[in-house]
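Below: the structure, in structure tokens.
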There are 2 protein chains.
Amino acid sequence: MSDSDGTGLSASLEAAWGLRERPGKGPRPGLSLERIVDAAVGLAAAEGLGAVSMGRVAKELGASTMSLYRYVGAKDELYVLMLDRAIGAPPPPPAPGTGWREALAAWAWQQRDALRRNLWMLRVPVSGPPITPNSVAWWERGMVALDGTGLDEGAKISVILLVSGYVRSEAGLMADLDAAIRATGGTPQQVMSRHARTLRRLADPDRYPAVARMLASGVMDEPDDPDFEFTFGLDRVLDGIQVLVDRVTPG
Amino acid sequence: MSDSDGTGLSASLEAAWGLRERPGKGPRPGLSLERIVDAAVGLAAAEGLGAVSMGRVAKELGASTMSLYRYVGAKDELYVLMLDRAIGAPPPPPAPGTGWREALAAWAWQQRDALRRNLWMLRVPVSGPPITPNSVAWWERGMVALDGTGLDEGAKISVILLVSGYVRSEAGLMADLDAAIRATGGTPQQVMSRHARTLRRLADPDRYPAVARMLASGVMDEPDDPDFEFTFGLDRVLDGIQVLVDRVTPG
DNA sequence: CAGTAGTGCGTATGGCATACGCAGAAGGGG
DNA sequence: CCCCTTCTGCGTATGCCATACGCACTACTG
């Protein structure tokens, strides 16, 4: 709402974009957006997103709860800044001339790595499309990867959304498994086999023959290598994009 | 934790599976799981997931807050039941002999319709893989759709996860747009063009040339037909699966 | 040396999930 | 037929949460 440049962004987000220079008036701030966001991210990494409360973050910084509101308009803004911080700047782009498929695959893997390092990101309640510096930088990388494809801009966006959606949903499965492990204890194997056992007990094979067949095959009883799983799906997605690219650029 | 059949499921979930007959002892229950879940779903549909609190649901039923806990062990259980209720039973399967691609596409569209009718579902904080009757039924339908493909069970699961992940992430974009419309008001067009304008102001064209080019092209300024958008991505995903299927079954 | 904008933060409000325990209802065993 | 076990609804209380508001204070600007 407060809107000095007409961006319609919150003050804290404008600060993240490097606008909004500090006016030299009142007392020197004892904290900084950066320190607050760092503390919040550290807390989320160590104890999960649930541990991130305004009071707890303030305690981590040795400040009072309400002092944070001098830097952040609301908790949702803090969430947005946390996401920007955690996704970070994208890695350097591949060498020019790299094929779109290789470039897009690398982009997907890099994004997955960032999410894997910060599984709490997938639990942050989302409100809208992210307009933070780092997410725009990632977006740029994705668009650049598609430069040689001959796709129009609309198709490029759709492809980018498709790939990053896939990465998110795959990472979400990891986060779910991780949550189950934290909640009930045990190894991934134990969690998976317990899950399969429960399903076997509940799902009547007459009503759900295909599920029963799948359970009987044993694939549910132990987790695949997550990298293999990710590669498999990513290959499908890239194959699908390739079909489109080949149609647009037959040569 | 309470575990009469060794399923390891919560009491309310066992009730959803039809286990756990009512013991004829104490006073007749004045509520029912079904009524509670219905009220909660209605509330979420009308006022958003944020309106769903134990107290508010109870008020809707003319009961006290704490009485709900005789039916539901915790709010998370209520969430799970809400999701099961909202996704509902899957529509009847396609005629036998329908090709896998057509069947899988129909499955994806049906799932999208269910999500579109209940956008709040995408905001429910997830905890793990769903083990509810309806989600298993949906799963069954997906596996059945892949019956003729010759894929092994592990690949079928991956394909199912890929498609439903795509549906979820696409629906998530719809939910984001919807949230932005509710929050700031205006039509989808206005929301999109405001977004594009903000981005144009923030993203330096020198640092983000591909993004700038995309913004200049104007595709960001108005929302596509959402059905077109969905079809586009779904076609990519199905094309990718097709490549795999054709490789496994060249004939 | 005022005035003023910005600071940290104590206090208060209203919402939330939920633990606990009591009073009463209903069926079952003697 | 009656008591006892089991289950019900629910009032109360606890502790957490985000955050509005206002006060005291600080450091720069004119």
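Chain letters run A, B, ... following the sequence lines, proteins first, then strands; residues in each count from 1. What's counted below: heavy atoms across the whole structure, side chains too, no hydrogens, waters or symmetry copies.
In this structure the side chain of B:Trp138 reaches within 4.5 angstrom of the side chain of B:Pro91, judged on heavy atoms. The shortest distance between side-chain heavy atoms of A:His195 and B:Pro129 falls below 4.5 Å. B:Leu173 is not listed as a side-chain neighbour of B:Leu177, based on a closest heavy-atom distance of 4.5 Å or more. Residues A:Arg112 and A:Met174 form a side-chain contact, since some pair of their non-hydrogen atoms from C-beta on lies under 4.5 Å apart. At least one side-chain heavy atom of A:Glu140 sits less than 4.5 Å from a side-chain heavy atom of B:Pro209.
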Close N or O pairs between protein and nucleotides 2-4 of chain D (under 3.5 Å):
none

Pairs of donor and acceptor atoms involving the side chains of residues 74-88 of chain B, under 3.5 Å and at least two apart or interchain, shall be tabulated with distances.
residue: B:Lys75; atom: NZ; partner: B:Val52; partner atom: O; Å: 2.8
residue: B:Lys75; atom: NZ; partner: B:Tyr79; partner atom: OH; Å: 3.3
residue: B:Glu77; atom: OE1; partner: B:Ser12; partner atom: OG; Å: 2.5
residue: B:Glu77; atom: OE1; partner: B:Gly73; partner atom: N; Å: 2.9
residue: B:Asp84; atom: OD1; partner: B:Thr132; partner atom: OG1; Å: 2.6
residue: B:Asp84; atom: OD1; partner: B:Asn134; partner atom: N; Å: 2.9
residue: B:Arg85; atom: NE; partner: B:Asp38; partner atom: OD1; Å: 2.2
residue: B:Arg85; atom: NH2; partner: B:Asp38; partner atom: OD1; Å: 2.9
residue: B:Arg85; atom: NH2; partner: B:Asp38; partner atom: OD2; Å: 3.4

May I have the list of side-chain donor-acceptor pairs in residues 54-66 of chain B shorter than 3.5 Å, sequence neighbours left out?
residue: B:Arg56; atom: NH1; partner: B:Glu47; partner atom: OE1; Å: 3.2
residue: B:Arg56; atom: NH2; partner: B:Glu47; partner atom: OE2; Å: 3.0
residue: B:Ser64; atom: OG; partner: B:Ser67; partner atom: N; Å: 3.4

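Rounded to whole Å, atom P of D:dA18 lies 19 Å from atom OH of A:Tyr71. What separates CG of A:Leu78 from C1' of D:dT19 is a distance of 14 Å, to the nearest Å. For the pair B:Tyr69 OH and D:dC7 P, the interatomic distance rounds to 21 Å; values are reported in whole Å.
The existence of a salt bridge linking A:Arg116 and A:Asp178 is excluded, since no basic side-chain nitrogen approaches an acidic carboxylate oxygen closer than 4.0 Å. Salt bridge A:Arg194/A:Asp221: absent, no basic N to carboxylate O contact under 4.0 Å. B:Asp113 has no carboxylate O lying under 4.0 Å from a charged side-chain N of B:Arg117, or vice versa, which leaves the two without a salt bridge.
Proximity of residues 38-64 of chain B to DNA chain D (heavy atom under 4.0 angstrom from any strand atom) is restricted to B:Ala63, B:Ser64.
Read 5' to 3', the first and last nucleotides of DNA chain C with an atom closer than 4.0 Å to a heavy atom of chain B are C:dC16 to C:dG28.
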Q: Spell out protein contact along nucleotides 22-30 of chain D as letters: B when the base is contacted, S when just the sugar-phosphate is, - when no protein heavy atom is under 4.0 Å; keep the 5' to 3' order.
A: B---BSBS-
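Other residues, nucleotides and ligands place more than 12 heavy atoms under 6.0 Å from the CD atom of B:Gln189.
Not one N or O on the side chain of B:Trp107 forms a donor-acceptor pair closer than 3.5 Å with the backbone of B:Ile160.
Not less than 6.0 angstrom separates the ring centroid of B:Trp139 from the ring centroid of A:Tyr208.
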